[in-house]
Amino acid sequence: MKKALITGVTGQDGSYLAELLLSEGYEVYGLVRRKSRLDFGNLEGTEAKEKVNFIFGDITDMSAMVNAVKESDPDEVYNLAAQSFVAQSFREPVASANITGVAAANILEAIRTVKPEAKYYQASTSEMFGGCIEDQGDNFTGYTEKSFFHPRSPYGVAKLYAHWITRNYRESYDMFACSGILFNHESERRGHEFVTRKITDAAARIHLGLLDHLELGNMDAKRDWGHSKDYVRAMWLMLRREAPEDFVIASGETHTVREFVELSFKALGTEIEWHGSGADETGTDKVTGKTIVKINPKFYRPAEVDLLLGNAEKAEKLLGWKREISFSQLVEGMVKNDLELLKKEAGKI
Ligand code: NAP
Ligand code: G4F
């Protein structure tokens with residue numbers, strides 16, 4: 001039986017990855033940080049929660065990571081823990097650097113000293129490409145493993161450190177250490193602060209008469225969105241290989257935040273009409289004329305990543321990876337899930 005250690009097991013990806021590895025017959029260990037109120041995040045209420053072996057520790061603490069590797073004796077380590085919210089990284093750049101960046105070295109060093117033959121996966125991100133679109137020329141077909149990096153947030157800068165230290169351990173110590181450069185991926189388990197979940201939750205609330213309108217920042221930003229379930233499969237496939245290599249994982253499509261809003265409301269039978277531009281733009285319900293979307297500049301970022309588009313050709317060819325859930329299925333699934341959750345909640349009152 002293979003053994004895997006997952007940091008960030010309570011998060012969106014960690015919970016899906018734990019379920020996948022359990023279904024593949026792994027013994028799964030999950031790192032959980034101590035909180036004043038014990039909770040297992042996205043694993044709460046799942047069968048996986050009963051099967052995962054939890055180890056308490058914080059990735060910023062080297063000794064905790066040494067203990068975690070000793071206790072789990074893993075064949076594979078997936079480092080998914082991070083302060084993963086880009087907007088928050090502008091408000092806490094140093095904590096983000098320590099958790100999202102430097103802590104990767106704690107884990108790599110723990111593996112190197114305790115179990116150097118364990119395979120290591122680092123959760124790298126398309127946010128590292130950031131503003132590098134200008135370097136890509138006119139016929140841009142998406143960022144690849146060979147594209148330049150130009151992070152535009154403290155989060156992106158921290159992730160770049162983790163990405164390069166992973167590569168450095170691979171080159172220096174001949175360790176199986178690799179990174180998946182994953183583009184945005186969402187799901188019914190996505191945190192409510194991210195734009196997709198904020199939109200699907202608000203659309204469902206407005207539909208049920210529980211919210212007046214949705215407030216957003218930059219609706220022109222474009223993202224390459226996929227489903228987390230498809231993306232955790234790619235992580236696992238990367239560690240199935242004989243030799244470590246980095247892979248871009250993406251859908252190959254890009255959509256604006258505005259399109260995500262339109263599709264979310266459409267899934268509930270509401271068509272939106274847009275009026276004005278910039279901070280004065282509003283979205284109204286085409287039938288009732290009621291304003292349901294407004295801009296609030298407080299959601300603008302000090303520096304924005306305008307466009308993300310990935311090219312996952314290498315992963316498709318070498319890993320045999322392909323996404324199974326389309327953009328429209330993703331949006332509709334998230335909206336439906338939020339609607340059901342809210343109806344259930346209302347039933348309790
Ligand atoms: P997420 O839902 O925010 O999960 C983050 C996880 O990290 C949570 O389990 C959290 O625990 C844990 N964590 C945070 N700080 C920690 C610390 N100091 N010590 C131990 N655990 C800590 O993120 P996600 O969307 O699943 O993403 C997983 C990873 O992929 C992250 O590294 C993210 O940056 C990266 N990534 C995500 C995407 C995406 O679009 N989702 C794209 C590219 C890369 P608590 O439950 O205690 O908060
Ligand atoms: O959903 P977001 O907060 O995700 P972002 O910044 O793209 O980061 C996510 O994807 C990265 C991969 O590229 C991950 F590494 C990272 O961990 C995270 O999972 O914002 C998406 C876009 C941004 O351009 C933002 O400015 O939506 C725009 N936006 C517009 N209004 C908003 C809002 N974002 C949020 N969170 N809230 C708004 O009201």
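Note that this is a predicted model, so its numbers are computed, not measured. Along the sequence shown, residues are numbered consecutively beginning with 1. Read the numbers this way: they start at 1 and go in the same order the structure lists the ligands and their atoms.
Within the 4.5 Å cutoff, the side chain of E19 has no heavy atoms near those of the L22 side chain.
Closest to atom 25 (O) of ligand 1, if we only count protein heavy atoms, is R190 NH1, 3.4 Å. The nearest protein atom to atom 26 (O) of ligand 1, hydrogens excluded, is given as D13 N, 2.8 Å; this is a heavy-atom distance. Among all protein heavy atoms, the one lying closest to atom 48 (O) of ligand 1 is R33 NH2, 2.8 Å. The nearest protein atom to atom 4 (O) of ligand 1, hydrogens excluded, is given as G11 CA, 3.4 Å; this is a heavy-atom distance. Protein heavy atom closest to atom 19 (N) of ligand 1, with residue, atom name and distance, is I59 N, 3.1 Å. Looking only at protein heavy atoms, the nearest one to atom 5 (C) of ligand 1 is A82 O, 3.7 Å. The protein heavy atom nearest to atom 38 (C) of ligand 1 is H185 CE1, 3.2 Å. Among all protein heavy atoms, the one lying closest to atom 3 (O) of ligand 1 is S84 OG, 2.6 Å.
Looking at ligand 1, you won't find any N or O of T60 less than 3.5 Å from one of its N or O atoms. Close N/O approach between L80 and ligand 1 is found [any backbone or side-chain N/O within under 3.5 Å]. Between S126 and ligand 1, no pair of N/O atoms sits closer than 3.5 Å.
For the ligand labelled ligand 1, residue T7 lies outside the 4.0 Å heavy-atom shell. Within the structure, ligand 1 has S124 among the residues with a heavy atom less than 4.0 angstrom away. Residue contacts with ligand 1 do not include R189, since none of its heavy atoms lies under 4.0 Å from the ligand. Put simply, part of K159 is less than 4.0 Å from ligand 1, judged by heavy atoms.
Checked options Y26, Y121, W236; the residue passing with E76 is Y26 (criterion: side chain to side chain donor-acceptor pair (under 3.5 Å)).
Residue pairs meeting the ring pair (Phe, Tyr, Trp, His ring centres under 6.0 Å) criterion with at least one member in residues 43-71, sequence neighbours excluded: F40-F54.
A donor-acceptor pair shorter than 3.5 Å can be found between the side chains of D13 and H185. Donor-acceptor pairing under 3.5 Å is recorded for the side chains of S124 and H163. E186 and T196 share a donor-acceptor pair across their side chains, judged by distance under 3.5 Å alone.
When each atom of ligand 1 is checked for a heavy atom of N184 under 4.0 Å away, the hits are 40 (O). Annotation for ligand 1: atoms under 4.0 Å from non-hydrogen atoms of T125 are 43 (C), 44 (C). Taking every heavy atom of K35 and a limit of under 4.0 angstrom, the matching atoms of ligand 1 come to 45 (P), 46 (O), 47 (O).
Checked for salt-bridge contact, D174 and R170 miss the test: no charged N lies under 4.0 Å from a carboxylate O. Ion pairing between a basic and an acidic side chain is recognised when a charged N comes within 4.0 Å of a carboxylate O; E281 and K294 show no such pairing. Remark: D220 engages R258 in a salt bridge, criterion side-chain N to carboxylate O under 4.0 Å. Between R34 and D58 there is no salt bridge, since no side-chain nitrogen of the basic residue lies less than 4.0 Å from a carboxylate oxygen of the acidic one. Under a 4.0 Å N-O distance rule, the pair D338/R197 qualifies as a salt bridge. Of the charged side-chain nitrogens involved, none lies within less than 4.0 Å of a carboxylate oxygen, so that K266 and E271 do not count as a salt-bridged pair.
Other residues, nucleotides and ligands contribute more than 12 heavy atoms inside 6.0 Å of the NZ atom of K115.
With distances taken over non-hydrogen atoms, the option nearest atom 30 (O) of ligand 1 out of A64, A123, A104, G57 is A123.
Ordered by chain and residue number, the residues placing a heavy atom less than 4.0 Å from ligand 2 are S84, F85, V86, T125, S126, E127, Y155, N184, R190, E193, F194, V195, K198, L216, G217, N218, A221, R223, V257, F299, R301, E304, L308.
Under 4.0 angstrom from ligand 1, the non-hydrogen atoms of Q12 come from both its backbone and its side chain. Counting heavy atoms closer than 4.0 Å to ligand 1, residue Y155 contributes side-chain atoms (C-beta onward) but none from N, CA, C or O.
For R189 and Y16, the positive end sits near the middle of the six-membered ring, less than 6.0 Å away and at most 45° from its axis.
Between F327 and H255, a ring centre-to-centre spacing shorter than 6.0 Å is recorded. Taking the six-membered ring for Trp, F194 and W225 have ring centres at least 6.0 Å apart.
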